[in-house]
Amino acid sequence: MRLPLPLLLLFGCRAILGSFGDRVSLSATAPTLDDEEKYASHMPTHLRCDACRAVAYQMGQHLAKAEAKSHTPDSSGSQELSESTYTDVLDRTCSQNWQSYGVQEVNQMKRLMGPGLSKGPEPSISVMITGGPWPNRLSMTCFHYLGEFGEDQIYEAYRQGHETLEALLCGGTHGSCSQEIPAQREEL
């Protein structure tokens, strides 16, 4: 008898949890989004640092893949991309679908989650809201950084290491991660 995967997973979880003797009750709720988080076209202020870090991570990942495919090593032996190639890679990075990112509530605080954004131990069970306005907001954030810094400066920072790229995009006195966002926001 073959069981469909979701049913098999359900039985497997029940068997594992049931094997501990006591019944374990797990529950999770989706984060409650305020009007700005639901309807605004821009990235909410309290999520901009996470968004910046996600953009820096994705730029680095896409540039690394392009360099790995390149066949023209520079004097240090690493693969250096031509200007037209890294410009195209960065443009495609910003145009990607960003569907693997979403909002999750961690310690009563909403955080953007996805590749490159893990921050310590995750709760045993949680709900992440993906899709909706988040992919477009991340794409707009990415294109904002391309316009603000330019492909040349971004690629040069990437060549110096991920920390340098993240510092360029997210750091500085006016960067998205330059000041600690208070845990509780005042509602108007």
Side-chain angles (χ1 to χ4, degrees), residues 30-31 33-70 72 74 78-106 109-119 127-182 185 188:
L33 303 178
D34 63 26
D35 285 344
E36 180 186 27
E37 293 162 340
K38 285 184 205 172
Y39 305 117
S41 61
H42 62 274
M43 184 64 69
T45 304
H46 62 284
L47 297 172
R48 287 184 185 162
C49 180
D50 290 338
C52 184
R53 291 178 51 246
V55 167
Y57 176 81
Q58 288 296 324
M59 285 179 172
Q61 291 295 301
H62 283 84
L63 288 167
K65 284 180 189 174
E67 283 184 345
K69 290 179 184 178
S70 175
T72 55
D74 66 7
S78 61
Q79 308 295 326
E80 188 167 351
L81 301 174
S82 68
E83 181 179 0
S84 62
T85 301
Y86 67 73
T87 299
D88 184 52
V89 168
L90 290 169
D91 187 55
R92 280 186 282 124
T93 300
C94 294
S95 298
Q96 70 177 310
N97 68 24
W98 299 95
Q99 291 295 323
S100 56
Y101 290 91
V103 172
Q104 185 175 30
E105 198 158 331
V106 178
M109 194 166 137
K110 290 175 219 153
R111 302 297 307 260
L112 198 61
M113 299 300 245
L117 292 179
S118 66
K119 286 197 150 235
V127 177
M128 181 169 88
I129 299 174
T130 59
W134 307 112
N136 187 49
R137 289 173 180 167
L138 283 162
S139 181
M140 286 175 36
T141 299
C142 186
F143 280 117
H144 167 77
Y145 292 129
L146 283 183
E148 183 175 345
F149 298 105
E151 290 87 348
D152 296 339
Q153 191 175 0
I154 290 171
Y155 185 61
E156 183 58 37
Y158 159 78
R159 298 280 294 163
Q160 294 174 30
H162 178 74
E163 294 79 19
T164 306
L165 176 58
E166 194 171 297
L168 171 70
L169 300 180
C170 310
T173 57
H174 299 292
S176 298
C177 299
S178 63
Q179 56 187 333
E180 192 63 37
I181 304 294
R185 293 185 302 142
L188 299 176

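The figures here come from the full heavy-atom set of this structure, side chains too, leaving out hydrogens, waters and symmetry mates. Please read these numbers as outputs of a predicted model, since none were measured by experiment.
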Please identify each residue that fulfils side chain to side chain contact (heavy atoms under 4.5 Å, CB included) with A54, with sequence neighbours left out.
-> Y101, L117, L138
Has the side chain of S139 got a donor or acceptor atom that lies under 3.5 Å from a matching backbone atom of P135?
-> no
Beyond-backbone contact of C94 with L146, side-chain heavy atoms, under 4.5 angstrom = yes
Rounded to the nearest 0.5 angstrom, the OG1-NE2 distance for T141 and H42 is 10.0 Å
How about R137 and L47: do any of their side-chain heavy atoms sit closer than 4.5 Å?
-> no
Determine, for cysteines C177 and C49, whether their SG atoms are under 2.5 angstrom apart.
-> yes
Just wondering, do C52 and M43 contact through their side chains at under 4.5 Å, heavy atoms?
-> no
State which residues pass salt bridge (Lys or Arg N to Asp or Glu O under 4.0 Å) with E166; sequence neighbours excluded, sorted by chain then number.
-> R53
Is there side-chain contact between H144 and M140, with heavy atoms separated by less than 4.5 Å?
-> no
Roughly how far, to the nearest 0.5 Å, is the CG atom of L169 from the CD1 atom of I154?
-> 5.5 Å
Residues two or more places apart in sequence or in another chain: which of them pass side chain to side chain contact (heavy atoms under 4.5 Å, CB included) with Q153?
-> F149, L168
Go through the structure and list residues passing ring-ring contact (aromatic ring centres under 6.0 Å, His included) with Y155, not counting sequence neighbours.
-> Y86, Y158
How many angstroms lie between NE2 in H46 and CZ in R111, if you round to the nearest 0.5 Å?
-> 10.0 Å
Student check: side-chain heavy atoms of R159 and E67 closer than 4.5 Å = yes
Quick one: side chain to side chain contact (heavy atoms under 4.5 Å, CB included) partners of D91, sequence neighbours excluded?
-> S95, F143
Mind checking side chain to side chain contact (heavy atoms under 4.5 Å, CB included) for Q96 and listing every partner two or more places apart, or none if nothing turns up?
-> Q58, H62, T93, W98
Which atom pair, heavy atoms only, marks the closest approach of P115 to Y57?
-> O-CD2, 3.4 Å
From K110 NZ over to D50 CG, what is the distance, rounded to the nearest 0.5 angstrom?
-> 13.0 Å
Going by heavy atoms in the side chains, are M59 and E151 under 4.5 Å from each other?
-> no
Would you find a donor on one side and an acceptor on the other, under 3.5 Å apart, between the side chain of S178 and the backbone of G171?
-> no
